[in-house]
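One structure is given below, encoded as structure tokens.
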Amino acid sequence: MPEGNEIHRFAKQHAAALAGHRLHVDSPNGGFPDATVLDGRTLKSVEAYGKHLGYVFGKDLIVHVHLGMYGDFWEGQMPLPPEKGALRLRMWNKTDWIELRGATDCSIFDEEKWAALLARLGADPLRDDADPDPAFAVIRKRKTAIGLLLMDQRIFSGIGNIFRAELLYRARIDPMRPGKDVSLAELRSIWKDACKLMPEAMEDRRIVTTRPKDRPHARRPVQDEEVHYVYRRHNKPCFVCGATIKRQEMGGRTVYWCPQCQAN
DNA sequence: GTGGGATGGGCAA
DNA sequence: TGCCCCTCCCACA
């Protein structure tokens, strides 16, 4: 379900609810063989990098979670709810519980494996320690379309299909434009925009990218059909110029853009 | 009621 | 490149 904004929110919320406590851990429907190793241990912290989560129980005892397309957490106050669906991992203390379903990966990493993962992730707009300069340098050398490069987690991390479409629209850049033809100023602008939009989405628990002046009707709260300029708006008129929003397959994912606002 | 698509990425081939 | 993990929602009948 998530892009980086939701991953970082999970990290913050799960740390607030569970870190510093001895936890009960189990895996009612399997898929996570080592739950007994964790049961009764103290969760030290919850880390988020890009779309990856790490639940740190010890130096070589880090539960790596990648939600992929279908994974999701459910959260709540004790008592535990009845078991439902394919429940891969469940953690709880006296007051709070979290449940994990459908993740692409949920397994124990040692320190070395965790470090190797972080080493191959690009700059994350949601992290204060992120340095985007290497990403800019790589993009400026590549013929590959900027729409593909923005999604490459080795270049940037945490940006998914929604932010790709919306960041490129807000920058008025055609997703098909080669990376090397995107100026440094444009790349800096995209990064700055991501550093504003992604934390907002984390707080709001939804991705809103349209500016108030561009919404077709000034209503409060923002209606669902108004939150994106182009993402999933194919065959609908652009809020800004009225042209019909297009969509196309790009690297196995669907990209959306305005052929008039992003004609370059 | 049904079927297709979706915020992701690893894997086999 | 195509398939898979597994869940929800929407368009369409």
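A, B, ... follow the sequence lines: proteins, then strands. Residue 1 opens every chain.
- Taking only side-chain nitrogens and oxygens, A:Y70 never comes nearer than 4.0 Å to OP1 or OP2 of C:dC8.
- Nucleotide B:dG8 holds its C1' atom 14 Å from the CD atom of A:E249, rounded to whole Å.
- If you take CZ of A:R233 and P of B:dA6, they are 17 Å apart, rounded to a whole angstrom.
- In this structure B:dT7 sits in no base pair that meets the Watson-Crick or G-U test at under 3.5 Å.
- Out of B:dA6, C:dC8, B:dG8, the shortest distance to the side chain of A:W74 is found at C:dC8.
- Between the CG atom of A:D105 and the C1' atom of B:dG8 there is a distance of 12 Å, rounded to whole Å.
- Under 4.0 Å is where a charged nitrogen must lie from a carboxylate oxygen, and between A:R101 and A:E99 at least one such pair does.
- A:T104 contributes a side-chain N or O that forms a donor-acceptor pair with the base of B:dG8 under 3.5 Å.
- The shortest distance between the side-chain N/O atoms of A:K51 and the OP1/OP2 oxygens of B:dT7 is not below 4.0 Å.
- A cation-pi arrangement, defined by a distance under 6.0 Å to the six-membered ring centre and an angle within 45 degrees of its axis, is present between A:R127 and A:Y49.
- Salt bridge present: A:K12 and A:E203 bring a charged side-chain N and a carboxylate O closer than 4.0 Å.
- Residue A:I162 has its side chain nearest to B:dT7 when only C:dT7, B:dA6, B:dT7 are considered.
- A distance of about 16 Å separates the C1' atoms of C:dC3 and B:dG5, rounded to the whole Å.
- Across the P atoms, C:dC5 and B:dA13 are found 15 Å apart, a figure rounded to whole Å.
- Side-chain nitrogen and oxygen atoms of A:Q153 include at least one within less than 4.0 Å of the OP1 or OP2 phosphate oxygen of B:dG9.
- For B:dA6, the OP1/OP2 oxygens have a side-chain nitrogen or oxygen of A:T254 closer than 4.0 Å.
- Contact check for A:V182 versus A:R140: no side-chain heavy atoms found under the 4.5 Å cut-off.
- Residue pairs satisfying the side-chain hydrogen bond (donor to acceptor under 3.5 Å, both in side chains) criterion with at least one member in residues 168-178 of chain A, sequence neighbours excluded, are listed as follows: A:R170-A:D193, A:R177-A:E186, A:R177-A:N264.
- A cation-pi arrangement is present between A:R233 and A:F239, with the terminal nitrogen or guanidinium carbon under 6.0 Å from the aromatic centre and inside a 45° cone about the axis.
- Using a 3.5 Å distance cut-off with no hydrogens or angles, the side chains of A:N161 and A:Y231 do not pair a donor with an acceptor.
- Whole-Å rounding puts the A:F163 CZ to B:dT7 C1' distance at 10 Å.
- Sequence order on DNA chain B of the closest nucleotides to A:Y256 and A:R120 puts A:Y256 first from the 5' end.
- Relative ring orientation between A:H64 and A:F109 is described as parallel, the plane-to-plane angle staying below 30° on a 0-90° scale split at 30° and 60°.
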Below 3.5 Å between N/O atoms, which protein atoms pair up with nucleotides 10-13 of chain C? Just atom names and distances, please.
none

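- B:dT7 and C:dT1 have their C1' atoms separated by 22 Å, with the value rounded to a whole Å.
- In this structure, the CG atom of A:L67 is 12 Å from the C1' atom of C:dC6, given to the nearest Å.
- Atom CE of A:M198 and atom P of B:dT7 are 15 Å apart (whole Å).
- Nucleotide B:dG8 holds its P atom 21 Å from the CZ atom of A:R101, rounded to whole Å.
- A:R164 has its CZ atom 12 Å from the C1' atom of B:dG8, to the nearest Å.
- Contact check, A:R205 against B:dT7: no side-chain N or O comes under 4.0 Å of OP1 or OP2.
- Closest approach to the A:H66 side chain among B:dG10, B:dG9, B:dT7 is made by B:dG9 (side chain taken as heavy atoms from C-beta onward).
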